[in-house]
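Encoded as structure tokens, the structure appears first; notes follow it.
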Protein chains: 2
Amino acid sequence: MNRPPVSIRDVASMAGVSVGTVSNVLNRPDIVAEATRRRVLDAIRDLGFVRNESARHLRAGHSRTIGLVVLDVANPFFTDVARGVEDSANDAGLAVILCNSDDDPAKESRYLDLLEEQRVQGILITPVATTNHRLEQLRERGTPIVLLDRRATDDTQCSVAVNDVLGGELAVRHLLAQGHEHLAFVGGPFTIRQVQERQQGALQAMRAAGRDPGDLHVVETSALNVAAGRDAAARLAGAMPRPTAVFCANDLLALGVLQEMTRRGVRVPHDVAIVGYDDIDFAAAAAVPLTSVRQPRHLLGRTAAELLIEEATEDSSHQHRQVVFDPELVVRDSSDRTIGRRPRRRRPSPEGAAATPHPA
Amino acid sequence: MNRPPVSIRDVASMAGVSVGTVSNVLNRPDIVAEATRRRVLDAIRDLGFVRNESARHLRAGHSRTIGLVVLDVANPFFTDVARGVEDSANDAGLAVILCNSDDDPAKESRYLDLLEEQRVQGILITPVATTNHRLEQLRERGTPIVLLDRRATDDTQCSVAVNDVLGGELAVRHLLAQGHEHLAFVGGPFTIRQVQERQQGALQAMRAAGRDPGDLHVVETSALNVAAGRDAAARLAGAMPRPTAVFCANDLLALGVLQEMTRRGVRVPHDVAIVGYDDIDFAAAAAVPLTSVRQPRHLLGRTAAELLIEEATEDSSHQHRQVVFDPELVVRDSSDRTIGRRPRRRRPSPEGAAATPHPA
DNA sequence: AGCGGTCGTTGAAACGATTCACCACCACCC
DNA sequence: GGGTGGTGGTGAATCGTTTCAACGACCGCT
């Protein structure tokens with residue numbers, strides 16, 4: 001069953017050439033004579049020879065892998081980011097080592113050790129804490145690092161993030177343009193940077209429209225899930241004046257608000273408009289398709305990986321960049337005042353994307 | 001910035017010992033005298049020495065990584081499985097290299113090459129095709145392979161899967177127990193094994209209850225998404241007699257059915273009961289919380305990784321095993337006939353689990 | 001014939017850690 | 001003093017590949 005491993009030396013002796021020639025066939029086939037090359041390739045095939053990457057990399061000094069450290073792959077955000085990273089790495093012939101820090105600094109640190117021992121070409125990371133001695137150290141020792149979904153505070157490193165303030169602005173600007181007077185923001189806890197920035201964007205949009213930011217009815221939630229959304233909607237329903245438009249810090253909250261409003265007989269979007277954030281698959285598939293702010297997650301991952309690869313390949317001529325992507329507003333029925341005044345449009349079903357290619 | 005890499009040799013000369021001793025400090029610290037050990041450890045710290053895994057593995061003959069090849073990590077099913085794999089690998093001190101085959105045999109093959117070159121300890125894979133020459137070859141050359149979410153046809157390999165027939169049986173048995181007479185199955189296309197097996201389970205449950213399997217009203221869909229579910233519901237609404245219970249091949253279909261039924265004024269669960277499959281996060285958070293069949297996804301990944309590690313570690317005494325997990329029925333409002341006849345229970349909110357820990 | 005230039009191939013020296021046979025040293029005891 | 005044992009450390013060989021100086025063969029040119 002377990003045949004002895006076959007090395008370049010075995011190939012060489014079978015083909016009647018030196019190991020150097022075999023290596024040339026593998027790496028610079030053009031400089032080897034046609035006949036020799038064929039003999040070597042035949043031997044490789046017959047013996048089932050497979051290159052040993054460890055040996056290659058020992059010589060090269062670094063491996064053909066990059067590390068990806070995220071808070072949790074089970075989170076759809078990171079899932080899409082990971083896809084982007086992988087696609088990009090794949091194009092460059094690199095493998096991706098995936099690590100979940102679970103928001104735990106100790107676990108993060110262990111994974112960084114592991115990646116450094118693997119001599120990865122570079123590391124993409126959403127660090128648990130903002131300042132991180134281990135990361136500094138890694139960078140000093142020559143491992144390129146790119147921050148994911150975090151903005152670098154100085155220009156000694158690359159980072160890739162999405163502009164959450166703009167996202168909040170887009171949402172509220174849209175609601176104001178629809179003629180809404182009484183707006184609410186639902187989100188929390190405010191210790192989360194994203195929640196804060198999205199609210200900040202909402203306030204900016206108010207100001208820009210000449211409205212008093214104090215008019216924004218803020219409902220702080222204890223979490224970012226559907227249940228919290230339902231609670232928030234219950235609180236909003238009793239408010240005077242009742243807001244006619246609600247911007248939620250994420251889609252789960254928005255779905256909760258939608259459910260509770262519907263249950264209370266408040267019609268969406270006729271009586272109240274709702275805008276969510278993240279554009280998760282279910283936003284489009286909800287009972288009332290949800291307007292939402294979409295982040296270019298796949299692109300985020302892709303770009304981060306490209307920056308990393310560039311930094312790892314370029315010979316110290318690399319210019320660090322802090323890329324910030326703009327999110328995009330996807331308008332659907334939940335915030336569309338024209339609904340009901342004209343025939344219901346069946347948009348080209350976006351939920352096709354929500355299909356599970358694998359049904360399990 | 002880029003300091004020269006520091007090797008075990010540098011450590012040795014700084015500590016005034018031989019490289020062998022440094023290696024001993026790293027691998028068998030107990031056989032080194034206290035004083036020497038401390039001197040070596042100090043040198044390691046001062047120089048910032050980091051072991052080179054490539055070199056270790058070149059000697060060892062295999063690396064401390066395992067490969068995970070799935071159809072698509074963006075699919076929540078595989079996301080959870082991947083988490084399980086990673087947790088397990090982490091316990092064993094192994095790193096996971098993540099690969100998406102995208103259901104493309106060519107891409108799968110490329111990744112298998114890459115993993116073999118990395119001399120991974122083993123590979124966990126959901127193969128695109130059922131028979132796969134590359135996999136045979138890999139196994140013959142000594143790389144342990146464990147099939148994920150596929151049942152091995154012979155006992156020359158390990159596999160880990162979930163019993164889809166039983167899942168279908170559980171769903172329909174439950175609906176029959178609730179006293180439903182007219183049942184429907186919604187799912188498709190039937191080329192998908194999971195769809196087929198879930199239907200088969202449904203039929204078995206009918207037979208076991210002494211019912212004519214022909215009574216099951218089957219609606220084949222073209223896809224497994226929300227839109228297809230809505231279409232199926234439209235078709236069901238016109239059927240005579242109209243089924244009072246619908247079992248859907250996955251949750252997206254079920255949510256589509258739920259939406260369309262509600263839109264048509266058909267009340268769930270009063271007029272029609274619905275059972276889905278997969279227990280995705282949104283099942284619990286839907287307008288009417290959805291009864292669903294839950295698969296132990298995390299456990300699936302964990303177990304697969306454990307089998308793989310066992311096979312890779314044990315010295316040929318390994319017994320191949322085909323593990324099949326049983327799914328579990330999670331009953332919620334959508335199939336609960338008692339709803340409305342008694343005060344609405346707010347169950348301990350399961351959608352807490354649906355929170356995005358990372359809000360982005 | 002002698003020279004310079006290609007072309008194709010060779011062989012050995014790296015890369016960095018591990019392993020193992022072997023040695024130096026000391027202690028102890030007959 | 002010579003044998004025995006134990007402790008602690010050494011140094012060379014090894015893993016499989018890449019790289020590069022060097023070399024032989026051959027050709028064309030003077």
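By convention in this document, chain letters (A, B, ...) are assigned in the order of the sequence lines, proteins followed by strands, and residues within each chain are numbered from 1.
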Heteroatom pairs (N/O) under 3.5 angstrom, protein to nucleotides 11-15 of chain C:
residue, atom, partner, partner atom, Å
dA14(C), N3, Arg59(A), NE, 3.4

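Note on Arg37(B): every side-chain N or O is 4.0 Å or more away from OP1 and OP2 of dG8(D). Regarding contacts with the backbone of dG8(C), every side-chain N or O of Arg28(A) stays at 4.0 angstrom or more from both OP1 and OP2.
With Gln137(A) as reference, Arg134(A) is the one residue of Arg134(A), Arg139(A), Glu140(A) to meet the side-chain hydrogen bond (donor to acceptor under 3.5 Å, both in side chains) rule.
Here the side chain of Arg56(B) is nearest to one of dG16(D), dT19(D), dT18(C), namely dT18(C). Of the candidate nucleotides dT18(C), dT18(D), dT9(C), dT18(C) has the atom nearest to the side chain of Leu26(B).
Here Val22(B) lies out of heavy-atom contact (under 4.0 Å) with every strand. Nucleic acid contact class of Ser23(A) (heavy atoms, under 4.0 Å, all strands): base.
For Asp91(A) and Arg302(A), the salt-bridge test passes: some basic side-chain N is under 4.0 Å from an acidic carboxylate O. A salt bridge links Arg45(A) to Asp42(A): at least one charged side-chain nitrogen sits closer than 4.0 Å to a carboxylate oxygen. Contact check on Asp87(A) versus Arg83(A) returns a salt bridge, with a Lys/Arg side-chain nitrogen under 4.0 Å from an Asp/Glu carboxylate oxygen.
Going from atom CG of Asp30(A) over to atom C1' of dT9(C) covers 15 Å, rounded to whole Å. Summarising the geometry, the separation between NE2 on His62(B) and P on dT18(C) is reported as 13 Å, rounded to the nearest angstrom. Straight-line distance from the CD atom of Glu34(B) to the P atom of dT7(D): 16 Å, rounded to whole Å. Residue Ile31(B) contributes atom CD1, which lies 14 Å from atom P of dA21(C) at whole-angstrom precision. One atom, NE2 of His57(A), and another, P of dT17(D), lie 12 Å apart when rounded to the nearest Å. The CD atom of Glu53(A) sits 20 Å away from the P atom of dC15(D) (whole-angstrom rounding). The CD1 atom of Ile8(B) sits 15 Å away from the P atom of dG9(D) (whole-angstrom rounding). Atom CG of Asn24(B) is separated from atom C1' of dA17(C) by 12 Å (rounded to the nearest Å).
Contact check for Leu124(B) versus Val85(B): side-chain heavy atoms found under the 4.5 Å cut-off. The shortest side-chain heavy-atom distance between Ile44(B) and Met14(B) does not fall under the 4.5 Å cut-off.
Side chains of Asp155(B) and Gln319(B): a donor-acceptor N/O pair is absent below 3.5 angstrom, by distance only.
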